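Sharing a structure below in structure tokens format, with a few things to ask.
This is a predicted model, so every value here is computed, not measured. First the proteins, then the strands, lettered A, B, ... as listed; each starts at 1.
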Amino acid sequence: MKLKQLEGLLGSIQQFSNPKVDLEQYPTGPHIASRLLYTAEDTFGDVDGKVVADFGCGCGTLGIASALLGAEYIIGIDLDAQALQTASTNAENLELDIDLMQCNIKSLSWSGRVVDTVVMNPPFGTRKKGSDVVFLSMAFKVASQAIYSLHKTSTREHVKRVAFRDFNAKCAEVLCELRFDLPQLYKFHKKKEVDIEVDLWRFVP
Amino acid sequence: MRLLTHNMLACNIKGVTNGYPLGLEAEKWVEKEVDFNADFLRGVFPKIEWRALVGAARALGFPDLLPEDAPDPSVLSSSDDFLRRFHRALLELHVEEGALVCPETGRRFPISKGIPNMLLHEDEV
């Protein structure tokens, strides 16, 4: 599948109907999601035929993108029942099989290393400090092959330090910088639309 | 929820040490065909907890789908029949309604519309 095609299909996905600010629910747009998964598959072969976990899957965009690129088994995990229902409908509409689970990433308890690749757009930790690192910590416990994650560019040095020092990453590299355009979802957003610079990271556990 | 997911999941209540495998109560399940991928099955086989998978298949009413004890890995290249059964158990059976049950505490985690709810109460975190 070509990048443009992937982005087009992801554009049809239904997003949060009622986003919850305390969970930092921002939709992962088709532009960013398609680039994340396309790079993971095309450059590194981390998706096709693999077991992929989508942490904080929300409406399922990254998990669905993984399925479209040939992942054998996908499990999406989120705290929010409403978002999971939307994810389920989104997957059904595209005739994809995705397992979903309602769980707090912080208290996920998995045995073994069945998951090859973790993909995630974690909360950036602007509402609850450190929540992106909580996600990262769990991803390092679960993934056997690679982790793809988005973090604010302003936190680059911190993320790098944490990955090597706390999680013993074999490799941690920024693949590219992306712009996360946040539409005005919440009342506290003063501007109509805000661009946030984010890094697309690839970690090897 | 398919049985590969069940195979990974342990009870996440704080202090529980024998939370694996979770018991499975299936009130409703469905079967959906998935493309057969032998390479995937061979790769994932060594990572699967066999007794948990056999127990889960039993809970869905398939006592003879899989052998009781984990077979020798040579069966992965010698028996197409085994691979087909393994494929079916792991990837094609979906639990729609039911519960996962912690073997230590008996706490039930409901499965509704195919989605297990592993959220903890405040005193379990």
(request) Output the option from A/Ile98, A/Leu84, A/Leu100 having the highest count of non-hydrogen pairs under 4.5 Å with chain B. (result)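 Looking at each of A/Ile98, A/Leu84, A/Leu100 in turn, A/Leu100 comes out on top.
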(message) For the interface with chain A, which of B/Val125, B/Asn7, B/Leu120, B/Asn117 has the highest count of heavy-atom pairs at distances below 4.5 Å?
(response)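 Max contact count across the listed options: B/Asn117.
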(message) More than 12 heavy atoms of other residues, nucleotides or ligands under 6.0 Å from CG of B/Asp81: yes or no?
(response)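 Count over threshold, so yes.
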(message) Within this structure, what is the CD-OG distance for the pair B/Glu124 and A/Ser107, rounded to the nearest 0.5 Å?
(response)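 Atom-to-atom, B/Glu124:CD and A/Ser107:OG are 9.5 Å apart.
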(request) State the NZ-OG distance between B/Lys113 and A/Ser88, to the nearest 0.5 angstrom. (result)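 It is 8.5 Å, given to the nearest 0.5 Å.
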(request) Please flag which part of B/Lys14 lies under 4.5 Å from any non-hydrogen atom of chain A: side chain, backbone, both or neither. (result)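 It is neither, since no heavy atom gets under 4.5 Å.
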(message) Quick check: closest heavy atoms across A/Gly49 and B/Phe40, and the distance to 0.1 Å?
(response)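 Looking at all heavy atoms of both residues, the closest pair is O-CD1, 3.3 Å.
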(request) Could you tell me whether B/Glu31 atom CD has more than 12 heavy atoms of other residues or ligands within 6.0 Å of it? (result)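 Result for CD/B/Glu31: enclosed.
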(message) Within a 6.0 Å radius of atom NZ on A/Lys160, are there more than 12 heavy atoms belonging to other residues, nucleotides or ligands?
(response)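 Counting other residues, nucleotides and ligands, NZ of A/Lys160 stays at 12 neighbours or fewer.
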(request) Evaluate the side-chain proximity of B/Ile115 to A/Gln85: yes if any heavy-atom separation is below 4.5 Å, no if none is. (result)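 When only atoms from C-beta onward are counted, B/Ile115 and A/Gln85 do touch, with a gap below 4.5 Å.
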(request) Of all the heavy-atom pairs spanning A/Ser109 and B/Cys11, show the shortest one and how long it is. (result)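 Answer, listing the atom of A/Ser109 first, then B/Cys11: OG-O, 3.4 Å.
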(request) Pick one of side chain, backbone, both or neither for A/Ile77, based on which atoms fall under 4.5 Å of a heavy atom in chain B. (result)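 For A/Ile77, neither part sits under 4.5 Å from chain B.
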(message) Side chains of B/Leu9 and A/Met101, heavy atoms from C-beta outward: is any pair under 4.5 Å?
(response)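 Yes, side chains in contact.
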(request) Output yes when a side-chain donor or acceptor of A/Asp99 lies under 3.5 Å from a complementary backbone atom of B/Arg2, and no otherwise. (result)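 It does hold such a pair.
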(message) For a side chain to side chain contact (heavy atoms under 4.5 Å, CB included) check, start with the C-alpha distance between B/Met8 and A/Ile75, then their side-chain angles and the critical distance, and finish with the verdict.
(response) CA-CA 11 Å; B/Met8 294 190 262; A/Ile75 174 154; 4.3 Å; yes
(message) A side-chain contact here means heavy atoms from C-beta on lying under 4.5 Å apart; do A/Glu72 and B/Asp39 qualify?
(response)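 Contact flag for A/Glu72/B/Asp39 side chains = no.
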(request) Heavy-atom pairs under 4.5 Å with chain A are the metric here; pick the option from B/Leu4, B/Asn37, B/Ile13 that has the most. (result)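 It is B/Leu4.
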